[in-house]
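This report refers to the structure that appears directly beneath it.
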Amino acid sequence: MSTIGSPLSGKNIIVGVTGGIAAYKTPLLVRLLVKAGANVRCAMSQHAQQFVTKLTLETVSGNVVYTDLFDRDNPHSTEHISLKEWGDAMVVAPATANIIGKIANGIGDDAISTLLLSFRGPLFICPAMNTHMLEGYALQRNMEYLRRNGVHFVESECGELACGTTGNGRMAEPETIFNCLTEYFSLNTTKGSLEGKKILITAGPTYEKIDSVRFIGNFSTGKMGFALAEELASRGAHVFLVTGPTHLSAQNPDIERIDIMSAREMYDAATGLFPQCDAAILSAAVADFRPEHEADHKIKKQNDSDGMTINLVQNPDILATLGTMKQQRQILVGFALETDNEVDNAKKKLTKKNLDFIVLNSLHDEGAGFGHDTNKVTIIDRNGYITAGTLKSKQDVAKDIADKLSQLF
Ligand code: CTP
């Protein structure tokens, strides 16, 4: 493997190893990282040393391995403190339920957990455990909390487990973990150009008419979609921006704006444009339902005391339709707004609508979502690679989405 041009070349990576049988695979990961030109230092928990030796990791990494907070015989024993500045990224592989609980709750009682307490760089966690432990509510809560705080998870895989059962819980293969790190560093060092690409974006709300003066709508302002359009156009793409009613205006001359009102008009515009596009990002808050009948005059009150019932019918799902039209060369991106089991539901939407990645909007954070200038999103791709962002301006979120798109091109 050549190190030339590898995004990992020259990067300082800390590999933390905790006590699981999958620790026997960690030297392979270290070897891949070293071969790609990275400098690797390892830290191990006491339990990890039951599964893989310190000597093995010292041999493959070419560096001292940290195991103890207060080792009098080891002149490097306090280096876990300075290691936090040294590392460009840290990977915990395998990560037990115990270490994930410690990270989520700020507990530092050995070399590795103390280092994790103070490490502020990108953190990649590779869970490995029995399926029942993985599904436990406390662990799920801890993982959800860490994801929301920007921790990356390299998801465990299904297969035969050390306990003799079959299920989810096997640590991702060293190559998969290595690819995630490579992808992370390539995204953060090279911003690909989108010169010559045609990209469709949907933005804003849709209005579903009840009569000539009333409609059913939502609070979307279109800010996220417009920020995306500007970002992609600034990278050289020609953008078709299909937008619902909004007061926003597009600045870049490479943005071709198509104004629509209803979900069905957005559907017609989007399905008409998609075949000529290289990618589509559907950020619009499309009304799922519309009134069955639209009155062409203003509906009058019948009787002072009478109420009114409007029958609603479902609108077409634009994203799902583009998912069925999608060709091999095309990239399709959706948004998801979830209140419960956010990541699981977003993953289901990703598969069901045949997407390449999905942008999960946070509803739990102040300053994120409809109408705000800031947003907090988690990007989930079809390989299960998850990047949880922090609260940032919609322009910066647009940059992250554009980076991910460039990477896929
Ligand atoms: N979307 C769409 N057409 C629709 C509904 C949604 O194109 N009729 C797109 C949105 O633009 C977004 C994605 O689908 O990119 C997900 O929207 P969301 O409202 O989260 O989910 P739904 O698919 O509508 O499912 P549900 O409301 O049941 O969660």
Side-chain angles (χ1 to χ4, degrees), residues 199-209 215-229 232 239-246 248 258-275 277 279-292 312-326 330-364 368-371 375-382 394 397-398 400-402 404-405 408:
I199 302 175
L200 166 69
I201 294 178
T202 65
T206 64
Y207 285 2
E208 310 300 321
K209 278 172 105 177
F215 62 86
I216 295 174
N218 60 62
F219 294 117
S220 167
T221 54
K223 282 180 185 167
M224 191 64 246
F226 275 67
L228 266 169
L232 298 176
V239 178
F240 298 107
L241 177 60
V242 179
T243 176
T246 168
L248 300 173
I258 300 104
D259 285 284
I260 55 85
M261 179 86 82
S262 68
R264 282 183 296 174
E265 287 168 5
M266 185 174 271
Y267 176 92
D268 288 344
T271 50
L273 287 164
F274 188 53
C277 291
I281 306 179
L282 271 56
S283 68
V286 185
D288 286 327
F289 299 95
R290 65 175 185 277
E292 187 174 16
L312 300 178
V313 292
Q314 230 179 75
N315 270 325
D317 190 321
I318 306 163
L319 184 58
T321 307
L322 298 195
T324 61
M325 295 167 64
K326 188 165 81 113
Q330 292 177 303
I331 296 170
L332 185 56
V333 182
F335 273 68
L337 199 62
E338 303 292 341
T339 48
D340 308 296
N341 298 327
E342 297 165 300
V343 171
D344 277 351
N345 282 337
K347 278 184 182 169
K348 281 183 195 138
K349 236 170 236 181
L350 173 98
T351 313
K352 195 169 152 211
K353 300 194 185 189
N354 191 22
L355 311 181
D356 293 280
F357 67 91
I358 192 157
V359 184
L360 172 61
N361 267 306
S362 169
L363 273 181
H364 296 285
F370 281 167
N375 206 3
K376 188 170 171 183
V377 302
T378 300
I379 296 179
I380 305 169
D381 71 18
R382 59 192 309 158
K394 287 191 171 166
V397 173
D400 291 345
I401 296 170
K404 181 78 184 175
L405 190 67
L408 292 185

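Order of appearance sets the numbers: ligands from 1, and atoms from 1 within every ligand.
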Check this for me, if you would: do K404 and D356 make a salt bridge, where the nitrogen-to-carboxylate-oxygen distance has to be below 4.0 angstrom?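 No, no charged N to carboxylate O under 4.0 Å.
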Pair E208 + R264, salt bridge at N-O below 4.0 Å: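 So E208 does not pair with R264 through a salt bridge.
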All side chain to side chain contact (heavy atoms under 4.5 Å, CB included) counterparts of T351, not counting sequence neighbours: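 So T351 forms no side chain to side chain contact (heavy atoms under 4.5 Å, CB included) with any residue.
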Please list, by chain and number, the protein residues whose heavy atoms come under 4.0 Å of ligand 1.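 Within 4.0 Å of ligand 1, the protein residues are L282, A284, V286, D288, P316, D317, I318, L319, G334, F335, A336, L337, K349, K353.
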Distance in Å, L322 CG paired with T324 OG1, rounded so as to fall on 0.5 Å steps: 7.5 Å
For residues L360 and V377, determine if any side-chain heavy atom of one lies less than 4.5 Å from a side-chain heavy atom of the other. no
Does G204 offer a backbone N or O that forms a donor-acceptor pair with the side chain of T246 under 3.5 Å?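 The answer is no, because no donor-acceptor pair under 3.5 Å joins these two groups.
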